[in-house]
Number of protein chains: 2
Amino acid sequence: MRRFRRDGYHPVRIEDVAEDAAVSVGTVYNYYSTKGDLLMATVTLEVEEVLAAGEAILADPPAGAEAALRRLIWQYYDHSLEYLTKEMWRAAMAISIEAPHTPNGRRYAELDARLADQVARLVARLQARGEVRPDLDPRPLGEILFHMLNALFVAFVRDDAMTIEALKAAADDGLCAMAALMTPAGG
Amino acid sequence: MRRFRRDGYHPVRIEDVAEDAAVSVGTVYNYYSTKGDLLMATVTLEVEEVLAAGEAILADPPAGAEAALRRLIWQYYDHSLEYLTKEMWRAAMAISIEAPHTPNGRRYAELDARLADQVARLVARLQARGEVRPDLDPRPLGEILFHMLNALFVAFVRDDAMTIEALKAAADDGLCAMAALMTPAGG
DNA sequence: CATGAAAGCTGAATAGGCTCAGATTTGAAG
DNA sequence: CTTCAAATCTGAGCCTATTCAGCTTTCATG
């Protein structure tokens with residue numbers, strides 16, 4: 001992870017990792033079955049922490065649908081570069097798309113699904129509090145929200161120049177548009 | 001393209017392509033700067049045709065927001081496996097995420113943006129016809145729609161077992177949810 | 001200690017994308 | 001038909017992820 005962060009995912013060779021760990025190349029492969037596996041270990045760490053922080057917000061969300069969603073999403077975004085760089089995210093995303101049947105691809109998809117589920121649960125909770133129109137189904141709504149926020153995150157990760165602030169601003173626009181559709185009276 | 005479709009993107013070596021074309025490996029690289037470039041040529045062909053077909057629908061969309069959107073999206077999905085297989089799509093998506101600064105990554109992003117724009121323009125057109133709430137901004141709405149439909153397409157491409165019918169059904173659910181939010185009276 | 005199987009380690013070898021120095025072909029000019 | 005420069009082609013060689021046959025260490029048992 002240190003090596004990837006410092007030199008980038010692609011420039012780092014397995015031989016470099018092996019050297020840092022003072023073992024042979026073969027030994028690295030005894031513990032991680034591919035180079036992508038090394039990366040996915042970090043992705044898992046990152047997302048598990050984000051999910052845990054998200055649960056804390058779910059337990060007691062701020063008042064108002066838009067504010068509550070904003071809180072959760074900003075949390076996601078703020079934490080996203082804790083362990084991974086944008087380049088590492090790109091590599092991880094590429095692996096998960098290219099090899100969906102492999103353990104790594106599946107793990108990434110599973111983490112994604114858990115994030116989407118967390119958003120959907122927040123929507124359901126807001127609906128129970130009367131802050132989302134009662135006639136809407138929180139599941140597809142949560143998924144639409146997550147798709148949008150995820151697409152923005154992908155755009156953020158693709159563009160090295162884009163700041164987290166710009167990402168948050170874009171997400172705010174989207175959340176505002178969705179909130180206008182979701183909230184009951186003031187719609 | 002023929003080779004990729006028959007044997008899969010990864011199993012085909014540049015040497016194979018060179019043989020089929022009766023030239024050397026080096027000559028292939030004179031015309032396509034990477035293996036991904038060969039693939040992206042096909043992606044471009046596919047998406048350009050989809051965009052052209054989409055313009056025809058934009059010119060005279062069916063009555064009703066949901067029906068019009070369904071028509072455009074189904075067109076997209078129906079055409080998506082004309083030249084590319086799911087595996088080829090996965091490889092192309094991986095390339096576009098992993099290397100956003102390269103010509104290929106940029107080209108893919110541009111095609112994506114043009115599709116999103118087409119959806120947004122359809123929303124604007126429907127709004128002009130009074131089939132979408134007049135207080136909504138068609139641009140972010142179109143983008144949210146496209147993000148959703150694109151996410152469904154990615155899920156489709158990831159799962160070899162998923163049929164186009166299942167994809168359409170999932171899209172219908174999403175469109176139905178969005179239409180309920182977007183349409184004026186019947187909400 | 002001795003033993004032997006299980007666990008762990010090793011790095012040379014393999015495979016395939018990509019490069020580049022040199023060979024070949026083309027085509028305009030004489 | 002020559003000549004020569006530009007365009008094109010070539011494939012051996014480089015690089016790095018990944019494999020695997022064999023070597024070493026560990027450790028429970030006698």
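Letters A, B, ... are given to chains in the order of the sequence lines, protein chains preceding strands, and every chain is numbered from 1.
Atom OH in B:Tyr29 sits roughly 18 Å away from atom P in D:dG13 (whole-Å rounding). Between the P atom of D:dA12 and the CD1 atom of B:Ile14 lies a distance of 17 Å, rounded to the nearest Å. Straight-line distance from the CG atom of B:Asp7 to the P atom of C:dG16: 13 Å, rounded to whole Å. Rounded to whole Å, atom C1' of D:dA17 lies 15 Å from atom CG of A:Leu39. Atom CZ of A:Arg3 and atom P of D:dA17 are 12 Å apart (whole Å). Summarising the geometry, the separation between CD on A:Glu15 and P on D:dC14 is reported as 16 Å, rounded to the nearest angstrom. For the pair A:Asn30 CG and C:dG8 P, the computed distance is 8 Å after rounding to whole Å. Atom pair B:Tyr32:OH and C:dT19:P shows a separation of 17 Å (rounding to whole Å applied).
Within a 6.0 Å radius of CZ in B:Arg125, more than 12 heavy atoms belonging to other residues, nucleotides or ligands are found. Within a 6.0 Å radius of CZ in B:Arg71, no more than 12 heavy atoms belonging to other residues, nucleotides or ligands are found.
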Under 3.5 Å donor-acceptor pairs involving side-chain atoms of residues 20-27 of chain B, not counting sequence neighbours:
unit_1, atom_1, unit_2, atom_2, d
B:Asp20, OD1, B:Arg3, NH1, 2.8
B:Asp20, OD2, B:Arg3, NH1, 3.0
B:Ser24, OG, B:Gly26, N, 3.4
B:Ser24, OG, B:Thr27, N, 3.4
B:Ser24, OG, B:Thr27, OG1, 3.3

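Using a 4.0 Å heavy-atom cutoff across all strands shown, A:Tyr31 reaches sugar-phosphate atoms only and no base atom.
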Verify salt bridge (Lys or Arg N to Asp or Glu O under 4.0 Å) between A:Asp16 and A:Arg13, making sure each step is shown before the conclusion.
CA-CA 5 Å; A:Asp16 300 327; A:Arg13 298 165 307 145; 2.9 Å; yes
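With DNA chain D read from its 5' end, the first of the two nearest nucleotides for B:Thr27 and A:Val12 is the one closest to B:Thr27.
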